[in-house]
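Computed from a predicted model, the values in this text were never measured in an experiment.
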Amino acid sequence: MRELLEAVAAGEVSPADAEARLAGYATDEAGRFDAARERRRGVPEAILGDGKTPAEAASLAATAVETAGRAIVTRTDPDQRRAIRDRLGEAHPDADVTVRDRSGVVVAHGPTFEPPSLDATVGVVTAGTSDAVPAGEAAAIAAEMGATVDRIDDVGVAALTRIVDQLEALRATDALVVAAGREGALPTVVAGLVDTPVIGLPVSTGYGHGGEGEAALSGMLQSCTVLSTVNVDAGFVAGAQAGLIARAVDR
């Protein structure tokens, strides 16, 4: 501890970084960032954009880069994305910032951050273009955990030939995240065709009775093939679960 305190006094370590090393988290004006989550759980800490002001999301992103070397911010809106870019440009000008506008995920790597790399592939499958937002979130998280991500898009059950055409690619993966809205049938179909773990990701598309992901969630929970199911639009959870499977395969 004395060495750490001396490093803070010498300006070699910031107070936030020192706090994170000692307590496992760092506190700023927007809240607390769990800098030890990845070491403890194997899943990187992410900052949820929902419910936060642009300034709060940007502040936590800067704290994340400072303490963990990386920031992952999910479900951001355009104002939050601009604020994050501006704040990181001031606080961490050497950070590499990637903005995925469609999925709303922002990822920033500090100059010394070494991304993990796993010898495992996660397939992220969508029934249709409307499923791209949560599927994109899942893909981003699995990739940040070190997996190779293979996207297979627009293969919904409205034309079964589309998914049959992709069987070779599906079977070559170590874990599959399958996103579908409407009645949510695609994960059940895929899980009946492969020996790969399948994670069903219900999407809040569809309308009328059972709309907004309700029917999709119910269908996946009632699947007659073996699969796991996350909550509606829970792309982060699906991607993280697939990433943990990829880590086990790599080991």
Please check if atom CG in Asp77 has more than 12 non-hydrogen atoms from other residues, nucleotides or ligands closer than 6.0 Å. yes
**OP:** With the side chain counted from C-beta on, respond yes when Tyr207 and Arg182 share a heavy-atom pair under 4.5 Å apart, and no when they do not.
**Re:** yes
Quiz item: When you look at CD of Glu38, are more than 12 heavy atoms from neighbouring residues, nucleotides or ligands closer to it than 6.0 Å?
Solution: yes
Q | Test item: Asp233 and Arg75 side chains (from C-beta on) under 4.5 Å apart, heavy atoms | A | yes
Can you find a pair of side-chain heavy atoms, one from Glu45 and one from Arg40, that are under 4.5 Å apart? no
- Message: When you group the ILVMFWY residues by side-chain heavy-atom contacts below 4.5 Å and let the links chain together, are Leu176 and Val230 in the same group?
- Response: no
| said: Contact between Val107 and Val97 at the side-chain level, heavy atoms closer than 4.5 Å - yes or no? | reply: no
Discussion item. Looking at Asp79 and Arg82, is any side-chain nitrogen of the basic one under 4.0 Å from a carboxylate oxygen of the acidic one?
Written reply: yes
| said: Would you say that more than 12 heavy atoms from the other residues, nucleotides or ligands in this model lie under 6.0 Å from the CD of Glu183, or not? | reply: yes
Heavy-atom nearest pair, Pro187 first then Val178, reads CG-O, 3.5 Å
_Val105 with Val43, same ILVMFWY side-chain cluster at under 4.5 Å_ = yes
Is Val99 reachable from Ile47 through a run of hydrophobic residues whose side-chain heavy atoms are each under 4.5 Å from the next?
yes
Side-chain heavy atoms of Val73 within contact of Gln80, under 4.5 Å:
no
Test side-chain contact (heavy atoms from CB on, under 4.5 Å), reference Val203, set Asp131, Val232, Leu217, output is Asp131
### Task
Report yes if some heavy atom in the side chain of Pro202 is under 4.5 Å from a heavy atom in the side chain of Thr229; otherwise report no.
yes
**Message:** How about CZ on Arg41, more than 12 heavy atoms from neighbouring residues, nucleotides or ligands closer than 6.0 Å, or not?
**Reply:** no
Closest heavy-atom pair, Ala147 versus Val122, reported as atoms and distance to 0.1 Å, is CB-CG2, 3.8 Å
May I ask you to test the Arg81-Arg85 pair for a side-chain heavy-atom distance under 4.5 Å? no
Check your understanding: Sub-3.5 Å donor-acceptor pair from the side chain of Ser204 to the main-chain atoms of Gly213, do we have one?
Key -> no
If Ile, Leu, Val, Met, Phe, Trp and Tyr residues are connected whenever their side-chain heavy atoms lie under 4.5 Å apart, and connections chain through other members, are Phe113 and Met145 in the same group? no
Linked, directly or transitively: Leu227 and Leu170 (ILVMFWY side chains, under 4.5 Å): yes
Just so I know, are the side chains of Arg102 and Val133 near enough to count as touching, which here means a heavy-atom distance under 4.5 Å?
yes
